[in-house]
Amino acid sequence: MNGGDGGDVATAPAGPPPPLEWKFSQVFGERTAGEEVQEVDIISAIEFDKTGDHLATGDRGGRVVLFERTDTKEHIGSRRELERMDYPVSRHPEFRYKTEFQSHEPEFDYLKSLEIEEKINKIRWCQSPNGALFLLSTNDKTIKFWKVQEKKVKKLSDMTIDPPRAVGNGSVASSSVSSSPKQCLANGSNADRSFNCLSNDLSFPPGGISSLRLPVVVTSNETSLVARCRRVYAHAHDYHINSISNNSDGETFISADDLRINLWNLEISNQSFNIVDVKPTNMEDLTEVITSAEFHPTHCNTLAYSSSKGSIRLIDLRQSALCDSHSKLFEEQEAPGSRSFFTEIIASISDIKFSKDGRYILSRDYMTLKLWDINMDSGPVSTFQVHEYLRPKLCDLYENDSIFDKFECCLSGDGLRVATGSYSNLFRVFGCAAGTTEATTLEASKNPMRRQVQTPSRPSRSLSSSITRVVRRGSESPGVDANGNSFDFTTKLLHLAWHPTENSIACAAANSLYMYYA
C-alpha cells in the first residue's frame, strides 16, 4: 500500500495463527453403547474430492459410500440476493448420504491358493468433466474405475385397449365365439382360421383390433443414482497394493505395491508401465519395501514414494523409463547410540501427502509426523511427536502387533496445519506455521475437546541451521491418555481427511464417520 510520498508503509509481521477450536458437526453410523461392530462395516478409506463437495468412504466389506455437501446448495439464492450479501456467511460444511455401491467382492487366486479380501485400501477422485462423478477404488490386487451418474427413471406406459371393448383384466369382451362344432384336420389343427390368442374360447377378428396400443417408454422426472464400473485394472501386482494416486494431467495414475510402482492410462486397462522396481535379484537381499506413493499435485512428471526404512524418494519421469534412480532423497540421520530393536519398525513411513502447492511433503511414521521441504533434503523442517508416551510400551505394542498399524496423515488446504490419528480414537492437530505451538488432542466423539490438555511447551529449535526445524509434542502422560485412562490399543483412528478449502476434518472410528469443523 503506497503512502502520500509514494513510499511503502511498513507493516508489522503477523504472528502465528491462533489455535483452532474444534466443534462436532456430524456423525454417520454412530454406534449405540455395547453394540458390536461387524468387521465388514469398519471404514478403511476416506477421501474428499478436489472441490470438497463430495466425500467417499470405503469399508472392509468392499463397499464405497458417497456423501454430498448440502449446506451450499440449500442457501443459494438469486444473483441479486447474493450480490446484496456484503458479509461472509460463516457456515460449516454439512453432508448427507448420497449413494453406495459394492466395489469389490472377495476372490480366490487358484494359482497361488490365496484369498483376496474385498477390503477397500484406497479411494481417489478423478476429474468430473460432465457432471458425473468418477473415482478409482482398489483392494489388494484390483483397481476399478467407477462412474456415478444421476439418470432419469424410464417407465413403461400401460398397454391400453379402448374402454368399450375391454373388461376388467383387459380381455376382449366382444370376441367372436363359435357355437358350432369345430372341424379338426388330420394333423390336429383347427379349420377355423380365426386367430386364437387370449384363450381357447376367444379369438381376434382377421383385421385385428385397432384400439390396441403398444407400450411406450416414458422418461419420468424422477432420478436415480447409478454406479457403473467403467474399467478394471487387474493382474499387474504380485504384492498387495498400498497406494493409488491420480496425475495432474487427468489422464494417468499410479498404483504401488511393496516392490513396484506401475503407471496406467485411465483409458487403457490391459496395459501398464512399470516405472519403479525395487525387487532384488535375490529376495534374501531385500532390505526395504515401498509403503506409499503419491503424484505431485501440479507437476505431472514428479512423484514421491516412501519406504519402510523411513526415507522418501522424489523421482522425475522425464529422466528415464525405469525410475530406479531418484532425483532427491529425504531421510533423517539416526542419532548415534539411539538404535534399538524397534528402530527400523517405528521408522517405517505409513503415509505421505503433498501440500496443496506441492512445496512440502508430510510423512507419518509410527511415532511422529514429519514435514519436509522438497527444496531441502538435509532433514525435515518440522517434527511432531504424536504419542511419545508410548515409547516405553513398544515391547507390548510389538507383542500385540499394534506397532505395525498404518496411520494416515493429512494437511489443511492452506498448509498451516497437519493432522493424524492415534489410539483410543484420538487424533492430533498440529500447527506448522512459524512460531506456533498449536498441538491439539481431539477424540472421535460428539464432544471432541473432552480430552483436551493445554500443552504450553515451546518448540525446540535445532542449532546451526538457517531454517528452523521444530519438534513439537502432544500431551505427555506416560502410559495413560490425557484424561488419565489407560490406552485402548483396539480402538485406533487410522483414517482421516482434511477438507480441501475449509477447516473441516472427517475421520473414521471403526464403522462410524465423524466430522468436525473449526
Side-chain angles (χ1 to χ4, degrees), residues 27 29-46 59-60 117 119 121 240 242 291-292 308 310 340-351 363-370 384-410 419-430 439-453 455 473-497 505-514:
V27 59
E30 186 182 16
R31 296 198 311 275
T32 57
E35 181 186 350
E36 189 175 345
V37 179
Q38 299 296 318
E39 178 82 9
V40 293
D41 294 332
I42 295 176
I43 297 172
S44 57
I46 301 180
D59 63 26
R60 294 189 183 180
E117 60 179 353
K119 178 176 82 99
N121 290 344
H240 290 179
N242 54 50
T291 56
S292 182
S308 57
S340 71
F341 173 76
F342 303 110
T343 300
E344 277 199 18
I345 301 174
I346 64 174
S348 177
I349 295 175
S350 56
D351 190 28
S363 67
R364 169 71 204 263
D365 58 40
Y366 188 68
M367 299 296 289
T368 65
L369 271 176
K370 292 187 174 81
F384 309 98
Q385 307 286 0
V386 179
H387 38 217
E388 189 63 21
Y389 40 79
L390 294 184
R391 200 171 287 277
K393 291 181 166 288
L394 289 179
C395 195
D396 297 337
L397 293 161
Y398 179 78
E399 290 292 327
N400 62 22
D401 284 344
S402 294
I403 202 169
F404 301 107
D405 288 335
K406 295 180 177 4
F407 292 94
E408 293 180 1
C409 59
C410 58
T420 191
S422 181
Y423 293 101
S424 297
N425 284 342
L426 300 179
F427 63 101
R428 283 20 191 311
V429 178
F430 297 97
T440 309
T441 303
L442 301 155
E443 182 185 40
S445 69
K446 287 188 174 179
N447 183 11
M449 307 293 279
R450 184 166 69 95
R451 304 193 183 194
Q452 176 60 23
V453 170
T455 54
R473 303 174 185 273
S475 54
E476 299 290 336
S477 304
V480 295
D481 63 17
N483 209 32
N485 302 320
S486 59
F487 250 80
D488 181 5
F489 298 121
T490 60
T491 56
K492 46 203 166 197
L493 200 148
L494 301 176
H495 310 285
L496 76 172
I505 291 178
C507 56
N511 67 326
S512 302
L513 177 68
Y514 286 91

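Just so it is clear, the values below take in all heavy atoms, side chains as well, and ignore hydrogens, waters and symmetry mates.
- Contacts of Y398 classified as side chain to side chain contact (heavy atoms under 4.5 Å, CB included), with partners at least two apart in sequence or in another chain: F341, F342, I345, I403, F404.
- Nearest heavy atom pair, residue D351 against residue S292, reads OD1-OG, 3.8 Å.
- Distance check: R428 CZ to L493 CG gives 10.5 Å after rounding to the nearest 0.5 Å.
- Ring-plane geometry between F407 and Y366 is classed as tilted, the angle between the planes lying from 30 to 60 degrees on a 0 to 90 degree scale.
- For the pair S402 and F489, the tightest heavy-atom approach, listed with the atom from each and the gap, is OG-CB, 3.8 Å.
- In this view, S44 satisfies the side chain to side chain donor-acceptor pair (under 3.5 Å) rule with no residue, not counting sequence neighbours.
- When all heavy atoms are compared, the tightest approach of E30 to E35 is O-OE1, 4.3 Å.
- The backbone N or O of G29 sits less than 3.5 Å from a side-chain atom of S512, completing a donor-acceptor pair.
- Between N511 atom CG and I43 atom CD1 the span is 7.0 Å, to the nearest 0.5 Å.
- Across all their heavy atoms, F427 and C507 have their closest contact at CE2-SG, 4.0 Å.
- Side-chain atoms of N242 and K406, non-hydrogen and from C-beta on, never get closer than 4.5 Å to each other.
- L442 CG to N447 CG: the interatomic distance, rounded to the nearest 0.5 Å, is 10.0 Å.
- Atoms CG and OH, from L494 and Y423 in turn, are 7.5 Å apart once rounded to the nearest 0.5 Å.
- Scanning both residues, A347 and D365, for their nearest heavy atoms gives O-CB, 3.8 Å.
- Interatomic distance, L397 CG to H387 NE2, rounded to the nearest 0.5 Å: 8.0 Å.
- For A419, the side chain to side chain contact (heavy atoms under 4.5 Å, CB included) partners at least two apart in sequence or on another chain are C410, V429, L496, W498, I505.
- With contacts defined as side-chain heavy-atom distances shorter than 4.5 Å, the pair R391/I346 qualifies.
- Taking CD of E117 as the start and NE2 of H240 as the end, the distance is 7.5 Å to the nearest 0.5 Å.
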Practice problem: List the steps and the verdict of side-chain hydrogen bond (donor to acceptor under 3.5 Å, both in side chains) for D488 and T490. | Solution: CA-CA 6 Å; D488 181 5; T490 60; 2.5 Å; yes
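- Closest approach of A510 and R31 over heavy atoms only: CB-NH1, 3.4 Å.
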